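A short write-up of the structure that comes next.
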Amino acid sequence: MAMSPLNQRRWRNFRRNGRAFWSLILFSILFGLSLFAEFLANDKPILVNYRGEYFTPIFNFYPETAFGGDFQTEAIYRDPEVKCLIASGGLEDCFDEPDEMLEQISAGTFEADGFDKGWAIWPLIPYSFNTTVDRPGAAPLPPNSQNWLGTDDTKRDVLARVIHGFRLSILFTLVVTGVASVIGVLAGAIQGFFGGWVDLVFQRIIEIWSSTPSLYVIIIMFAILGRSFWLLVALMILFSWTGLVGVVRAEFLRARNLEYVRAAKALGVGNMTIMFRHMLPNAMVATLTFMPFIVTGTIGGLASLDFLGFGLPSSAPSLGELTLQAKQNLQAPWLAFTAFFTFAIMLSLLVFIFEGVRDAFDPRKTFS
C-alpha cells in the first residue's frame, strides 16, 4: 500500500538524517541476527544426518538412543561419545575411544564393516547462554579461539550470553515501551481534551501512583509470585506509563481551544475522532521527543534490577548480570569491556534512531 504524501515527506526527512538512517540499518541487522540466536549460539546442532535420516535438535527432543546410545535422556551433542555415534553411524566402538575414532573419521582413515558416516551442522558458536564450557583453569577464563569473549565466573560463554541477552533486552524494551506508551498517550489525551474534573482526578491519581516506590513493589511481588519475565514486564508497564502523560496532556490542553478543534465540534465530529485523528498527530513531536528517554530508561531499569539481583531469573541471559560479574571479577577486564560496549552500542543506536523519528515528524525540520 502506497504511503500518503505526509508519510512520504516524513520518510524523506528521516533518510536525510544520515546518523539516524544508518543507525536504523545497523540496529536492524544486529536485532535481526539476535532473533535467530539459537542458530548462532547453541550447544545443539542445527541439523543432524544419522544413517540417512535427518534430525533437527534445536527444535525437537531426541534421546541418546536415537543415535545408538544407551540412555533415554536427551542426547548431549557436545559429548565426544555422541559426536562419534553420529559420525560413525552408531558403532559401539565409540564408547571405548571416542576421541581417537573422531580423529580417524575426520581424517578419512577410519575403516569398519557397515560403516555409515553421518554428519552434523553446528552453529557458529557451539555454546548456548547456559552451557558450561569444558576448558581447564579457574573461571572466569580469558578470550581465546574457543571462547571469543572469554567466559564468566561459572564458565559460560560470554559471547553466547551477549547474543541471547541482547535479544531479551530489546524484546523486553519493545513490549514495555509500546504498551506503556499507548496507556500514557491515551491517559494524557483524555485529561487534556476533557479537562475539568476529569483532569483533576487523573492528576491526583498520577501523583499518588508516581510516588509509589516501584523497586519495593517489584521486590515484594517477586517474593510472593517468583521471578519471571512476564511478571517483570507487567510491573515495569505499571510504573512506566506515566512518563508520557504530562507531555500529551499539555499538548491537548493547548490544542483543545484552537479553531480547527472548535470547528470540528461545531460540525458534530465525535470526540474520539477529534482526539486521535486531528489532535494526536500534532502532539506526536513532543511525544517522540521523550521516547528515547523511555527506551533507554527501560533498558537501564532492567539492567539495574538484574545488577541488584531483583530482575530476571538467574538462569536468564541477562546483560545486567554480566555487569555484576564484571564488578565482582575485576581481574577479568573482558567482562567489563563487553558489558560496557554492548550497552553503549545498543543505547546509542536506539537514541539516534528515535531522534531521527522525532525530527521526521516535526514539520519545522528539514534536512539538506
Side-chain angles (χ1 to χ4, degrees), residues 26-64 66-69 73-89 94 98-99 101-103 105-106 117-136 139-152 154-172 229 312-313 315-319 321-322 325 334-335 338-339 341-342 345-346:
L26 181 57
F27 178 80
S28 300
I29 293 173
L30 294 176
F31 182 52
L33 290 175
S34 72
L35 290 177
F36 300 94
E38 285 76 15
F39 293 88
L40 297 175
N42 207 326
D43 56 1
K44 300 176 183 178
I46 300 174
L47 183 66
V48 172
N49 179 281
Y50 177 76
R51 293 185 174 180
E53 186 177 355
Y54 291 95
F55 300 85
T56 53
I58 63 173
F59 296 117
N60 299 295
F61 171 92
Y62 299 109
E64 187 179 300
F67 306 104
T73 55
E74 185 173 15
I76 303 175
Y77 298 94
R78 296 178 61 250
D79 191 297
E81 292 181 358
V82 176
K83 287 184 177 180
C84 184
L85 287 171
I86 294 173
S88 66
C94 285
D99 292 325
M101 287 189 60
L102 279 173
E103 292 178 2
I105 291 171
S106 60
K117 187 176 180 181
W119 47 262
I121 299 176
W122 284 85
L124 182 64
I125 303 166
Y127 306 104
S128 186
F129 63 88
N130 57 357
T131 304
T132 301
V133 177
D134 185 16
R135 273 180 61 187
L141 297 170
N144 66 358
S145 58
Q146 182 179 351
N147 307 108
W148 299 345
L149 295 180
T151 70
D152 61 10
T154 56
K155 284 195 175 182
R156 296 173 298 187
D157 187 76
V158 172
L159 181 55
R161 291 186 65 79
V162 168
I163 294 174
H164 287 267
F166 179 84
R167 178 180 64 179
L168 185 65
S169 297
I170 297 301
L171 291 177
F172 177 88
F229 175 83
L312 297 172
S315 59
S318 167
L319 297 179
E321 191 259 348
L322 179 63
Q325 291 201 27
W334 57 89
L335 296 176
T338 300
F341 283 109
T342 301
I345 293 172
M346 177 169 55

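Because only heavy atoms are used, hydrogens play no part in the values below, and waters and symmetry mates are left out as well, while side chains stay in. Because the structure is a prediction, the values reported are computed rather than measured.
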Practice task
Measure the shortest side-chain to side-chain distance between Ile170 and Leu30 over non-hydrogen atoms and say whether it is less than 4.5 angstrom.
Solution key: no
Problem - Minimum side-chain heavy-atom gap Thr342-Leu322 below 4.5 Å - result: no
Handout entry: Leu171 side, atom CG; Phe166 side, atom CZ - distance, nearest 0.5 Å
Key = 9.5 Å
Problem - Phe61: partners by ring pair (Phe, Tyr, Trp, His ring centres under 6.0 Å), with sequence neighbours left out - result: none
Problem - Side chain proximity check, Asp79 to Glu64, heavy atoms < 4.5 angstrom - result: no
Exercise for the section: Over all heavy atoms of both residues, which pair between Arg78 and Asp43 is shortest? Give the atoms and the distance, please. Expected result: CD-CB, 3.5 Å
Handout entry: Flag, side chain of Thr56 to backbone of Phe59, donor-acceptor distance under 3.5 Å
Key = no
Exercise for the section: With the side chain counted from C-beta on, respond yes when Leu47 and Tyr54 share a heavy-atom pair under 4.5 Å apart, and no when they do not. Expected result: yes
Fill in the blank from the handout: Those residues at least two apart in sequence (or on a different chain) that pass ring pair (Phe, Tyr, Trp, His ring centres under 6.0 Å) with Tyr62 are Phe55
Exercise for the section: Please list, chain by chain and in numerical order, all residues satisfying salt bridge (charged side-chain N to carboxylate O under 4.0 Å, His left out) with Asp152, sequence neighbours excluded. Expected result: Arg156, Arg161
Fill in the blank from the handout: Across all chains, not counting sequence neighbours, the side chain to side chain contact (heavy atoms under 4.5 Å, CB included) partners of Leu141 are Arg135, Thr151, Lys155
Problem - Donor-acceptor contact present, side-chain Tyr77 to main-chain Pro45, <3.5 Å - result: no
Handout entry: Residue pairs involving residues 31-42 (criterion side-chain hydrogen bond (donor to acceptor under 3.5 Å, both in side chains); sequence neighbours excluded)
Key = Glu38-Arg167
Exercise for the section: May I ask you to test the Phe341-Val162 pair for a side-chain heavy-atom distance under 4.5 Å? Expected result: no
Completion exercise
Heavy atoms of Leu159 and Trp148 approach each other most closely as CD2-CE3, 3.4 Å
Completion exercise
In this structure, NZ of Lys44 is separated from CD1 of Ile76 (nearest 0.5 Å) by 11.0 Å
Completion exercise
Sorted by chain and residue number, the ring pair (Phe, Tyr, Trp, His ring centres under 6.0 Å) partners of Tyr127 (sequence neighbours excluded) come out as none
Practice task
Please indicate whether Asn144 has more than 12 foreign heavy atoms, meaning atoms of other residues, nucleotides or ligands, lying under 6.0 Å from its CG.
Solution key: yes
Practice task
Kindly compute the distance separating CZ (Phe67) from CG (Leu85), expressed to the nearest 0.5 Å.
Solution key: 9.5 Å
Practice task
Drop me the distance from Asp157's CG to Thr131's OG1, to the nearest 0.5 angstrom.
Solution key: 8.5 Å
Exercise for the section: Over all heavy atoms of both residues, which pair between Pro57 and Ile46 is shortest? Give the atoms and the distance, please. Expected result: CD-O, 4.0 Å
Problem - Val158 vs Leu335 side-chain heavy atoms within contact, under 4.5 Å - result: yes
Handout entry: His164 side chain vs Asn130 backbone, donor-acceptor pair below 3.5 Å
Key = no
